[in-house]
Number of protein chains: 2
Amino acid sequence: MDSHDARTPDPRHHVVILGGGFGGLAVARGLADSQARITLVDRRNHHLFQPLLYQVATAGLSAPSIAAPLRQILRKQANATVLMDEALGVDLAARRVQLAQGELRYDTLVVATGSTHAYFGHDEWERYAPGLKTLDDAFTIRRRVLTAFERAEREDDPAQRQAWLNFVVVGGGATGVELAGTLAEISRHTLPREFRRADPRKANVLLVEAGPRLLPAFDPSLSDKARRQLEKLGVEVRLGTAVTAIGADGVTLGDTPYPARTVLWGAGVAASPLGKHLAAPVDRAGRVQVTADLSLPDHPEVFVIGDLACVPLPDGKLVPGVAPAAKQMGRYVATLIKARWRGATLPPFRYRDDGALATIGRMAAVAQFGRLKLSGLLAWWVWLVAHIAFLIGFRNRLVVMLDWAWAYWTYQRHARIVTGSDTPIAKPLPSEAEHGQ
Amino acid sequence: MDSHDARTPDPRHHVVILGGGFGGLAVARGLADSQARITLVDRRNHHLFQPLLYQVATAGLSAPSIAAPLRQILRKQANATVLMDEALGVDLAARRVQLAQGELRYDTLVVATGSTHAYFGHDEWERYAPGLKTLDDAFTIRRRVLTAFERAEREDDPAQRQAWLNFVVVGGGATGVELAGTLAEISRHTLPREFRRADPRKANVLLVEAGPRLLPAFDPSLSDKARRQLEKLGVEVRLGTAVTAIGADGVTLGDTPYPARTVLWGAGVAASPLGKHLAAPVDRAGRVQVTADLSLPDHPEVFVIGDLACVPLPDGKLVPGVAPAAKQMGRYVATLIKARWRGATLPPFRYRDDGALATIGRMAAVAQFGRLKLSGLLAWWVWLVAHIAFLIGFRNRLVVMLDWAWAYWTYQRHARIVTGSDTPIAKPLPSEAEHGQ
């Protein structure tokens, strides 16, 4: 058939996709009806539903509820191969990707390796203040938070005990707001009856933001609503406050030390280091400056999408690093690749803003759809329905709904399981040697 | 009230329980109606439903489905305190337990720290052949098994590829049989459509047992049935075969090397090392030889229960190291402690054999209740109902049922998520450097 041949002029055309997040997966799926060979490379074996990762970190969901094997997602797509490997570099001239375990030649390359957390030149903070990008990050945060309450229960010295009950969340974006709100809920509602010596209700959750407001991606009125909802949940919010040091004993806010054994990082993201291998200009956060069709300036066969791409909006801002944007870019690139095979092209990529949602805690959220702004219970319901609807795989949706319904009625969080071990970051406490009961 | 006083002559009597497994938890619960102070110490924050641990290891269940925080289980029992700490030693004369973070004085001590895996003097085998006792063990096995199929997919050399598809399970007890049966199911039913280069159906699952039969705790006729059911599922069973070496490349069976990149250990258990601190004779496996009421010969205030106790049966065998036995011992000790407070005592502990169950794979199991012996589908149903019934917490039961129903109809295993990283045990493959596609 002519139309069929037109879709795929060269059935051996090899599309290599680096990264199995929302963007990379959208490209692979968008090419399902083509005859091209597709290879999707990810260093993990699973796609992660990152918007709910904070719930794994705060023991509300188990990891498999928000992750699905990439192979399983693509198993019916016969033209797609999944490789679990790490991309180390790209040779644009030779059209080769260097992997940890070999290399791959491509005809078309899509780089969708996303972002990681950044510490603004203070990489030494990472061990004291873990960020939240992967399931392993979530397990680390879960372990630190749950262990802090356990240590408080063991501690006789009131000041030391309080240091274990002080939690600092750095950064007032969506991740920081979600973590702070959930920590407050855990300390006030989940744990109180379970400890005999330390009182979890004495936990302080401090959310520190250097800028003038929370959730800068939202309308200022919603930033303010988010702050008030957080404060109602028991979070102390400090705006316009810079963290100048982070260590085993706590943080320094400006010049003032604040003792806290648990510090979580939600402040900065930097694009995947792969962006620097692409011979294209990158912005301050390491995002690659692509052309209007999301390809590299001198390499139309190489696309960069998702959090790694720096895509300006008409108003001068950038397309935000959120899942819907990555999906839109992925779908656009898949359509463009197929158009090119027909000898056609597409108008430049245009981001469609479907609105923004951020959850704050139990029955508290903010939402913004164009001029419509919601907060409180209604926004929370919108958030709930949207996130369940977008979860990949029917089974996960069902389990997540069950988990949430259970958590809602009982205040219990079923994934309160400490596994693995942490590099001990705390100095040995002098009081521990003689601790008795 | 007189009767009340009689139950608890000294309300400050301190019962310390080491270990929050089936035995320790049964003691704590059995003392719920007393005025004694109870402290339960466990180095983990959760009780683990160990009979289903192999399902976490083989990606069928998520960790929180089979584990519950000890604090949550005991939160309504006001006389019980839970401490997350590790017991290092016991000073019997001073009645003190030495913990990693302090010490505890006791009036009555119950040691229920269970068992760990043993490598028969070959501790160097542990890194190549992980055992299965904790959730972290289960994650290690899950990671190795899932990664092996990924590596096979990357491998060009047929012999190397097959080495990644060869799985050896050492030990034909319940754990070995469960792991081998499930691995066969995964390779034949879950994965086949998802790989493009390696064929998971070419996986060999080899179950090696040094003794003359599988499941030695069962009647020989059921051992034989178990072997035949395993073979039907695709497992190769080798009885009377000793493993003489284990390394990164595989195992040696007698004098014959067998290449396999993944080796799992289900062969030996040893009692917790704490047993050696109790000034009582221990048997070859390190189990403590207790008196007829499960206390130490010269210390009636110290009890040893569960897998750590060596308790002879009338026929000369020992009470098996299974969950029902630990629970019975725990309930007995709680009742005995309360009886002593009344100035009474109890007849010696008697083990009631409620039967034995072992699952083999999809619709395959063996069960033995006195003279009644079951195998195949019927035994599998009994196993299913029994294990769901015994799972702690209604929510877990519901989720496990949902997971199983889903897995049954779809052959999918929802927890196929690789997290964490392994110490690389494999030598770098010469072929990998030049691997391309």
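By convention in this document, chain letters (A, B, ...) are assigned in the order of the sequence lines, proteins followed by strands, and residues within each chain are numbered from 1.
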**Message:** With a 3.5 Å distance limit and no angle check, can you tell me whether A/Asn45 reaches the backbone of B/Arg416 through a side-chain donor-acceptor pair?
**Reply:** yes
**Prompt:** Highest number of heavy-atom pairs under 4.5 Å with chain B: which of A/Thr190, A/Asp136, A/Leu146?
**Reply:** A/Asp136
**Item:** B/Arg196 versus A/Arg75, closest heavy-atom pair with distance
**Value:** NH2-O, 3.4 Å
**Fill in**
Of the listed A/Leu74, A/Leu48, A/Asp85, the one with the largest count of heavy-atom pairs under 4.5 Å with chain B is A/Asp85
**Asked** With side chains defined as the heavy atoms from C-beta onward, is the minimum distance between A/Arg154 and B/Met84 less than 4.5 Å?
**Response** no
**Message:** Within the structure provided, determine whether B/Glu153 and A/Arg71 are in side-chain contact (heavy-atom separation under 4.5 Å).
**Reply:** yes
**Item:** B/Leu191 portion near chain A, given a 4.5 angstrom heavy-atom threshold
**Value:** neither
**A/Glu155 side, atom CD; B/Gln101 side, atom CD - distance, nearest 0.5 Å** = 9.0 Å
**Set of salt bridge (charged side-chain N to carboxylate O under 4.0 Å, His left out) partners for A/Glu126, sequence neighbours left out** = none
**Message:** Among residues at least two apart in sequence or on other chains, which ones pass side chain to side chain donor-acceptor pair (under 3.5 Å) with B/Arg201?
**Reply:** B/Asp199
**Proximity breakdown for A/Leu70 and chain B, heavy-atom pairs closer than 4.5 Å** = neither
**Complete:** Here the gap from A/Glu194 atom CD to B/Lys76 atom NZ, rounded to the nearest 0.5 Å, amounts to 10.5 Å
**Message:** For A/Ala59, which atoms come within 4.5 Å of any heavy atom of chain B: side chain, backbone, both, or neither?
**Reply:** neither
